[in-house]
Amino acid sequence: MKNTIKTFLVFVCITVFVFTSNAQELSVINKYDVSIEKLPEYIIITSENTKLLGGINISIDAKRSNYKKQLRALEDILQDGDKLRVRNQTDLLNAMSKLGYKYIDAYNANSGTIGGGSGGKDVDIFGSSSKFRVNMVFQKKAAFLKQ
């Protein structure tokens, strides 16, 4: 009987912890005037592996979009390491899932390389330095779509 009570109490504590952590992450978005209802059904997020000391650069194209304000706020939240702690693409996938989006697809945005021979005869470059940009497509989960 005591083991059943202990197991039940552990289960309750874990459940409370999970719900509290998810509520805190969603409150981060609501705190910055971004709610899932105000965001578009599809979002394309470009990530780039060029930040020093780890991490990625995240950008969301919002030019001439009806959702410009909300997309900029989402970009700011994803970029800020203290809010959702997105430091790599795995973190980005998990953060967007917690925010109510599912991953659809990814494709290369572009890449640039400076390597030996590409600097001309006056420039001496050894090895190469690459910058990779990936576009990830996310769709609002069915539970968050307006009926």
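Along the sequence shown, residues are numbered consecutively beginning with 1.
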Undergrad: Is any side-chain heavy atom of F138 closer than 4.5 Å to a side-chain heavy atom of L93?
TA: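 Counting from C-beta outward, F138 and L93 do come under 4.5 Å.
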Undergrad: Ignoring hydrogens and geometry, is there a side-chain-to-backbone donor-acceptor pair from Q70 to L39 under 3.5 Å?
TA: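 No, Q70 side chain to L39 backbone: no donor-acceptor pair under 3.5 Å.
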Undergrad: Applying a strict under-4.5 Å side-chain criterion to I, L, V, M, F, W and Y, I'd like to know whether I44 and I58 cluster together.
TA: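 Hydrophobic grouping puts I44 apart from I58.
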Undergrad: Name all residues meeting the side chain to side chain contact (heavy atoms under 4.5 Å, CB included) criterion together with S65; count only those two or more places apart in sequence or in a different chain, and write none if there are none.
TA: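 Per chain and number, S65 pairs via side chain to side chain contact (heavy atoms under 4.5 Å, CB included) with Y67, L71.
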Undergrad: Under 3.5 Å, side chain of R87 to main-chain N/O of L92, donor-acceptor pair present?
TA: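 Checking the backbone N and O of L92 against the side chain of R87, no donor-acceptor pair under 3.5 Å is found.
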Undergrad: Verify, without hydrogens or angle tests, whether K140 (side chain) and I43 (backbone) share a donor-acceptor contact under 3.5 angstrom.
TA: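 Between the backbone of I43 and the side chain of K140 there is no qualifying donor-acceptor contact (under 3.5 Å).
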Undergrad: Applying side-chain contact (heavy atoms from CB on, under 4.5 Å), run through V134 and N108 and close with a yes or a no.
TA: CA-CA 5 Å; V134 175; N108 287 336; 4.2 Å; yes
Undergrad: Quick check: are there more than 12 heavy atoms from other residues, nucleotides or ligands sitting under 6.0 Å from CG of D105?
TA: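 Atom CG in D105 is crowded, with more than 12 foreign heavy atoms closer than 6.0 Å.
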Undergrad: Quick one: side chain to side chain donor-acceptor pair (under 3.5 Å) partners of S59, sequence neighbours excluded?
TA: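 Residues passing side chain to side chain donor-acceptor pair (under 3.5 Å) with S59: none at all.
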Undergrad: Of the non-hydrogen atoms in R133 and T46, which two are nearest, and what is the gap between them?
TA: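 Here R133 and T46 meet closest at NH2-CG2, 3.5 Å.
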Undergrad: Indicate the atoms forming the closest heavy-atom contact of I104 with Q139, along with that distance.
TA: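 Nearest heavy atoms, I104 then Q139: CD1-OE1, 3.5 Å.
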Undergrad: Can you check side-chain contact (heavy atoms from CB on, under 4.5 Å) on Y103 and V137, steps first, answer last?
TA: CA-CA 6 Å; Y103 167 80; V137 182; over 6 Å; no
Undergrad: Taking C-beta and beyond as the side chain, do Q79 and N57 meet within less than 4.5 Å on heavy atoms?
TA: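 Sidechains of N57 and Q79: in contact.
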Undergrad: Looking at every non-hydrogen atom in both residues, tell me the closest pair between S47 and Q89 and how far apart they are.
TA: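 Answer, listing the atom of S47 first, then Q89: OG-NE2, 2.8 Å.
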Undergrad: Within the side chain of D61, is there an N or O that forms a donor-acceptor pair under 3.5 Å with the backbone of K63?
TA: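 Checked: pair present.
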Undergrad: Can you tell me how far CD1 of I60 sits from CE of M136, rounded to the nearest 0.5 angstrom?
TA: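 The CE atom of M136 sits 12.5 Å away from the CD1 atom of I60.
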Undergrad: Against I45, only a single residue in L78, N135, V86 fulfils side chain to side chain contact (heavy atoms under 4.5 Å, CB included); can you say which?
TA: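 For I45, the side chain to side chain contact (heavy atoms under 4.5 Å, CB included) check succeeds only for L78.
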Undergrad: So, using side chain to side chain contact (heavy atoms under 4.5 Å, CB included) as the criterion, who are the partners of N88 when residues are at least two apart?
TA: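 T90, D91.
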Undergrad: Spell out, as yes or no, whether a donor-acceptor pair under 3.5 Å connects the side chain of K141 to the backbone of S97.
TA: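 A pair under 3.5 Å: yes.
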